[in-house]
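First the structure, in the form of C-alpha cells, and then the observations on it.
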Amino acid sequence: MHHHLNVDRKEVSDIPVNANPLFTRPGEATDFPRFALPDGPSDPQTAYQIVRDEMMLDGNARQNLATFVGTWMDEYADRLYLQAADKNMIDKDEYPQTAAIETRCWTMLADLWNAPDPTKAIGTSTIGSSEAAMLGGLALKRRWSEKRKAEGKPVGVPNLIMSSAVQVCWEKFCNYFEVEARYVPVSEEHLVLDGHDLASYVDENTIGVVAIMGQTYTGAYEPVTKIAAALDAIEKDTGLDIPIHIDGASGASIAPFLQPDLEWDFRVPRVASINMSGHKYGLVYPGIGWVVWRHESLLPESLVFRVSYLGGNMPTFALNFSRPGAQVLLQYYQFLRLGFEGYREVQQNCQDVATFLSSQIGKMDAFTLRSDGTDIPVFAWQLADGYTKNWDLHHLSAQLRERGWLVPAYPMPDNLGDQTVVRIVVRNGLSHDLAGTLMRDLRESVDYLDSLDAPMPEPRVKQGFSH
Ligand SMILES: *Cc1c(COP(=O)(O)O)cnc(C)c1O
C-alpha cells in the first residue's frame, strides 16, 4: 500500500524518475542554446524549470504600478482558463457555445454603454483595445469613403482628429491604414481634447474624432458632450456630420460604475462606436478587448467576411484569424461572478486607494499633482515648481524600483514635453495596506534623495512608460 505524505509528493512520484538532482541535469548544469533550436529533446521537468527560472527574473506583477493590464484573477477563473486553453475563437462553428457567449458579452456591454437598442447593436471581441481601435477606425474610414462615392464626390486623403495625448494604437491605425492623423496639441489651457478650435481641424475628408475616456498620461477623461457640441455646431455651419469613436480602453469599464451620470457613451447621439480593454478594468488576464457599434448599420457590410467552413457560415470582422477563445469565457465568468454591484465595488476600491495615495502625495513639498485619480483610478504628479534638489523624477523611479515598485517617469506629450511626470495605475490587488507600504517607501526615497549633497548620476535603467 502506498502512503503519500502530501499532494506534492504524489505528483512527483507520478513523474518518471530521473536519477539526476534537478539542478545538475544536462540543460541545468550546462546551458541550453538561446538563439537556436536545441539539437534534441530534454526532460520536461528541466525545460519547465528553466522557463520558470527565467520568469522569476521579471518584475513582480503585484508591485507593477506602471501597467493598466490585469495580473490577478481568482482560482475559479484560473481553473476555467486551463480548461479553455485549447479553444480557438475563430472556430465558431466547432465551438458554437463560445461564439454565443462572445455575443452575450458584447450585447451586455452595448447595454451597459446605453445603446438605444442593444439587440440592434453589433460588436466583437478582439485581442485588446489596439485591435478594437483598428476596427473602429476602419469602420469610420469605410463609411466615409462609401458616402463620398455615393454622393459622387472625390475621395481624398482621409483624416482622423484626436488629442496629441492618444495612445500609440491610434498612431498605428493612421500609419498602417494610411489616414492622416490630425493631432490637437495638449497644453496648459487644454489638458485634454475639449472641442476648442475643432472647426479648424475638420474638413470633408474627416472620418471621425477620437475621444479618450482615460488618457494614458494622466487618467483624465475627455469631455465627450463638449466635443459632440462642437461637432453639432460644425454640422450646422458646414453640413459635415462627423462621428465620434470613444477610446474607452480603461474608462469604458470605470465610468458606468463610478460616474453613472456622466454622459460619454451611446447616450451621446454622435458616438458611433466604443472600444474597451477587457484585460484592463474589465478584470481579465491579458489578451481581450471589445468594440461595439451603437447600431449594426454603422458597421459597413463590405468589411464583414463570411467565413464558410466546417459547414458553417459565420460573419467576422477581425484583423486576426485564429486566436485564443479562453479570454472570452473569462470575461463572461467575470460578468457573471461580479455583476454590476461587484464591478462597482472593485472599481470603487481602486478609486479609494488612488485618491488616498494622490492626496498624500499632493501634500508632500516635493510634488504637485497633475491628476488625482477621480476619473479612472490613475494619477500623475510632477516636481513642485522651484523644488530644485540634486535629483529628478527618474531618480525617484529608480529608488522605488530598488524596493520592487515599478513606477514610471516620462515626459508629457509635445507642448508639455518639457515636463516629466510620474504615474501610478491603481488596479485590483493594490490594497490599502500595500498602498501604505508604498507611501512609506516613497517618503523614505524622497528623504534619501533630499539628503544628497551632490547631483545624482543619471539612473542606469529608466522605468519605461507602459501603456
Ligand atoms: C491601453 C490603452 C490602449 C491599448 O489597449 P491594449 O488593450 O493594450 O491594446 C488604447 N487606448 C488607451 C487609452 C489605453 O489606455
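Start at 1 and go down the list; that is how both ligands and their atoms are numbered. Here the structure is a predicted model, which means the values were calculated and not measured.
The closest approach between a heavy atom of K280 and any atom of ligand 1 is below 4.0 Å. Using a non-hydrogen distance threshold of 4.0 Å, G289 does not register as a contact of ligand 1. The shell of residues lying under 4.0 angstrom from ligand 1, judged by heavy atoms, includes H279.
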*Where do D441 and Q399 land on the side-chain contact (heavy atoms from CB on, under 4.5 Å) test, with the steps shown first?*
CA-CA 9 Å; D441 288 348; Q399 284 297 310; over 6 Å; no

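Under a 4.0 Å criterion applied to the non-hydrogen atoms of C169, ligand 1 contributes the atoms 10 (C). Every atom of ligand 1 is numbered from 1 in the order shown, and the set under 4.0 Å from a heavy atom of S277 is 5 (O), 6 (P), 7 (O). Close approach of ligand 1 to G214 (heavy-atom distance below 4.0 Å) involves ligand atoms 13 (C). Near G128, meaning under 4.0 Å from one of its heavy atoms, ligand 1 places the atoms 7 (O), 9 (O). Those atoms of ligand 1 with a heavy atom of S130 less than 4.0 angstrom away are 4 (C), 5 (O), 6 (P), 9 (O).
Residues satisfying the side-chain hydrogen bond (donor to acceptor under 3.5 Å, both in side chains) test with W170, not counting sequence neighbours, are D247. Looking at residues two or more places apart in sequence or on another chain, you find a side-chain hydrogen bond (donor to acceptor under 3.5 Å, both in side chains) between E301 and R306.
When Q167, K172, M134, M276 are checked for heavy-atom proximity to atom 4 (C) of ligand 1, Q167 turns out nearest.
By the 4.0 Å N-to-carboxylate-O rule, R344 lies close enough to E341 to be salt-bridged with it. At a threshold of 4.0 Å, the pair K87-E102 does not count as salt-bridged, since none of the basic side-chain nitrogens sits closer than that to a carboxylate oxygen. A salt bridge links D203 with R182; the closest basic N to acidic carboxylate O contact falls under 4.0 Å. Looking at K226 and E263, no side-chain N of the basic residue comes within less than 4.0 Å of a carboxylate O on the acidic one, giving no salt bridge.
Considering CG of L330 and CZ of R337, their distance stands at 14.0 Å, rounded to 0.5 Å.
Under 4.0 Å from ligand 1, heavy atoms of S129 appear from its side chain as well as its backbone. Of all the heavy atoms of I212, the ones lying under 4.0 Å from any atom of ligand 1 belong exclusively to the side chain.
Some N or O of D247 is nearer than 3.5 Å to an N or O of ligand 1, by distance alone.
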